[in-house]
Amino acid sequence: MDALVDTRTPDPKKFIAGATQDWEMVIGMEVHAQVSSSSKLFSGASTEFGNEQNANVSLVDAAMPGMLPVINEECVSQAVRTGLGLKAQINNRSVFDRKNYFYPDLPQGYQISQFKDPIVGEGKIMIAVGPDKKGQFDEVEIGIERLHLEQDAGKSMHDQHPTMSFVDLNRSGVALMEIVSKPDIRSSDEAKAYVTKLRTILRYLGTCDGNMEQGSLRADVNVSVRTPGGEFGTRCEIKNVNSIRFIGQAIEYEARRQIGILEDGGTIDQETRLFDPSKGETRSMRSKEEAHDYRYFPDPDLLPLEFDDAYVEAIKANLPELPDDKRERLIKSGLSPYDASILVSEKSVADFYEEVAKGRDGKLAANWVINDLLGALNKAGQSIEETPVSADQLGAIVDLIKDGTISGKIAKDLFEIIWNEGGDPKEVVEARGMVQVTDLGAIESAVDEVIAANPDKVTAAKEKPQLVGWFVGQVMKATGGKANPQAVNEILRKKIENS
């Protein structure tokens with residue numbers, strides 16, 4: 001990535017203080033995203049995860065003599081779809097190359113990839129880093145250098161036998177999109193935000209499930225340091241990082257390691273490294289290969305991949321609403337930028353919110369989805385797909401609040417009941433006598449009792465109106481939390497003023 005153009009100006013907020021001077025990180029990422037397709041890139045073998053070892057292997061994947069690759073059109077359309085989602089240049093002509101290297105889990109002795117002529121060219125991703133102490137987000141544009149299609153290798157397993165290694169070819173030939181960023185990332189927080197946003201876009205598009213724990217999304221992270229605004233330093237590549245948290249940790253460690261070497265008068269060796277999560281550090285794997293080491297050449301078994309503009313336009317016409325567009329729409333509907341960002345961060349969350357908010361008060365629905373539902377799910381260690389409270393149930397709770405049937409406090413109790421026991425919220429409210437008290441006479445009676453029992457506090461509240469909140473709490477307690485809070489406030493203020 002050193003040969004790429006530096007498109008960002010130095011930002012003092014992101015400088016790292018060294019022993020003798022400030023340093024700036026320069027980070028580029030190569031994200032490998034498994035294409036959502038039921039079959040592999042060049043064969044009809046299944047891509048289903050979790051099958052028995054070597055169950056998803058065709059004669060093509062095993063590189064049997066005479067077996068020729070045949071392109072999977074679904075993988076091509078998914079790559080084009082992704083390129084459009086990244087606002088990238090779609091190349092109507094691309095070429096598959098052979099990337100030659102030898103390893104036990106690569107039966108062919110080469111990987112079919114794309115080198116000089118990828119299917120997708122330059123694009124961009126907008127990321128938001130923050131919020132800071134003032135609640136502000138830092139908007140940053142990260143350039144995409146290219147996206148190319150390639151086949152995955154198999155998997156070597158070294159822990160199955162004391163003296164031998166085994167090879168599982170289930171992943172061999174699985175279609176990958178390698179998405180290469182420009183060296184525009186300047187901090188570990190930006191790197192994590194970039195991968196998070198990229199994964200979100202892929203999930204919205206339906207082109208990759210983004211499950212890092214299953215290997216569907218993994219990143220090679222190129223890290224170098226330099227004096228602010230200076231020439232690019234020597235980079236080291238951290239291979240196959242499969243967690244966003246680990247990406248941040250690996251970058252922080254590697255930058256500090258390089259700074260320490262440079263400030264001691266040493267030089268950085270360009271190499272490939274691995275991140276050890278248990279130790280929180282990177283370690284050397286091998287010297288970094290260059291493109292010429294792989295002896296790329298066009299694959300003679302595959303013609304150049306060509307399609308016309310009509311093919312691209314047909315895919316473009318069926319793109320879904322993407323995160324940035326959805327966020328802007330939600331903000332225009334009245335949500336805060338922060339709430340909108342939270343809701344669109346995962347497609348499943350956005351879909352859930354849209355269902356709850358349909359025909360309802362969007363801001364009230366957002367408050368319940370973000371603060372109550374997502375808060376409860378986070379505490380329980382569950383995802384939105386595992387929620388015990390459905391969108392219909394949460395929507396019904398919002399309706400009961402909006403029409404005055406229950407108060408906000410009662411709604412909290414109702415949410416707990418639905419979370420633990422299920423049921424129809426309206427029926428639960430009726431069956432358990434949770435309907436809000438709106439009878440002004442009954443509320444006034446409760447207010448009179450509280451005031452009569454606390455004459456000294458009434459005097460204090462006349463001098464300090466904010467103390468009325470204490471009386472509100474007492475009246476709510478006396479009515480079992482069922483009194484209408486607005487009515488309680490109005491009656492209390494008048495009574496205290498006139499006492």
With a cut-off of 6.0 Å (strictly less than), are more than 12 heavy atoms of other residues, nucleotides or ligands near [atom1] of [X]?
X      : atom1 : result
Glu52  : CD    : no
Lys363 : NZ    : no
Lys155 : NZ    : no
Glu73  : CD    : no

Shortest non-hydrogen contact between [X] and [Y], atoms and distance:
X      : Y      : answer
Arg327 : Pro337 : NH2-CB, 3.7 Å
Gly395 : Arg360 : O-NE, 3.1 Å
Gly423 : Ile418 : O-CD1, 3.6 Å
Pro228 : Pro10  : C-CG, 4.3 Å
Arg199 : Gly210 : CD-O, 3.3 Å
Ala365 : Val356 : CB-CG1, 3.8 Å

Side-chain donor-acceptor pair present, [X], [Y], cut-off under 3.5 Å:
X      : Y      : result
Glu150 : His148 : yes
Ser187 : Asp189 : no
Glu254 : Thr282 : yes
Asn222 : Arg235 : yes
Glu145 : Ser181 : no
Ser216 : Gln214 : no
Ser36  : Thr207 : no
Thr405 : Asp403 : yes

Polar side-chain atom of [X] near backbone of [Y] as donor-acceptor pair, under 3.5 Å:
X      : Y      : answer
Arg218 : Gly215 : yes
Asp184 : Gly28  : no
Asp220 : Asn240 : yes
Arg81  : Leu205 : yes
Asp22  : Gly18  : no
Tyr253 : Phe275 : no
Glu354 : Val349 : no
Asn51  : Asn170 : no
Arg146 : Gly121 : no
Tyr353 : Ile370 : no

Chi angles and distances behind the side-chain contact (heavy atoms from CB on, under 4.5 Å) call for Arg186, Glu24: CA-CA 7 Å; Arg186 294 291 178 269; Glu24 182 181 34; 3.5 Å; yes
Roughly how far apart are [X] [atom1] and [Y] [atom2], rounded to 0.5 Å?
X      : Y      : atom1 : atom2 : result
Ile27  : Ile185 : CD1   : CD1   : 6.5 Å
Asn54  : Leu169 : CG    : CG    : 5.0 Å
Gln34  : His32  : CD    : NE2   : 12.5 Å
Phe352 : Leu343 : CZ    : CG    : 11.0 Å
Ser188 : Glu252 : OG    : CD    : 3.5 Å
Leu374 : Lys379 : CG    : NZ    : 15.0 Å

I'd like to know if [X] pairs up with [Y] as an ion pair, taking the criterion as any Lys NZ or Arg NE/NH1/NH2 lying under 4.0 Å from an Asp or Glu carboxylate oxygen.
X      : Y      : answer
Lys182 : Glu122 : yes
Arg329 : Asp325 : no
Glu237 : Arg273 : no

Asp399 vs Lys426, salt bridge (Lys or Arg N to Asp or Glu O under 4.0 Å): CA-CA, chis, key distance, verdict: CA-CA 9 Å; Asp399 288 339; Lys426 187 175 182 180; over 6 Å; no
Criterion side-chain contact (heavy atoms from CB on, under 4.5 Å) against Val35, the qualifying member of Asp152, Val174, Thr82, Leu149: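 One option only clears the test, and that one is Leu149.
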Chi angles and distances behind the side chain to side chain donor-acceptor pair (under 3.5 Å) call for Gln258, Ser224: CA-CA 8 Å; Gln258 293 184 22; Ser224 65; 5.6 Å; no
Side chains of [X] and [Y]: closer than 4.5 Å at any heavy-atom pair?
X      : Y      : answer
Glu178 : Val31  : no
Leu84  : Ile90  : yes
Leu394 : Phe415 : yes
Met25  : Arg226 : no
Ser348 : Asp351 : no
Leu86  : Val120 : no
Gln89  : Asn91  : yes
Ile119 : Leu147 : yes

Test log, rule side-chain contact (heavy atoms from CB on, under 4.5 Å), inputs Asp413 and Glu416: CA-CA 5 Å; Asp413 296 335; Glu416 286 294 321; 5.7 Å; no
Step-by-step side-chain contact (heavy atoms from CB on, under 4.5 Å) determination, Ser390 to Glu355: CA-CA 10 Å; Ser390 70; Glu355 190 66 28; over 6 Å; no
Cation-pi, Trp23 ring and Lys14 (6.0 angstrom, 45 degrees):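 No, cation not above the ring by the 6.0 Å, 45° rule.
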From CA spacing to verdict: side-chain contact (heavy atoms from CB on, under 4.5 Å), Thr47, Lys40: CA-CA 6 Å; Thr47 59; Lys40 297 182 180 180; 3.9 Å; yes
Set of ring pair (Phe, Tyr, Trp, His ring centres under 6.0 Å) partners for Tyr338, sequence neighbours left out: none
Less than 3.5 Å apart, which donor and acceptor atoms pair up between the side chains of residues 123-130 and the rest of the protein, not counting sequence neighbours?
none

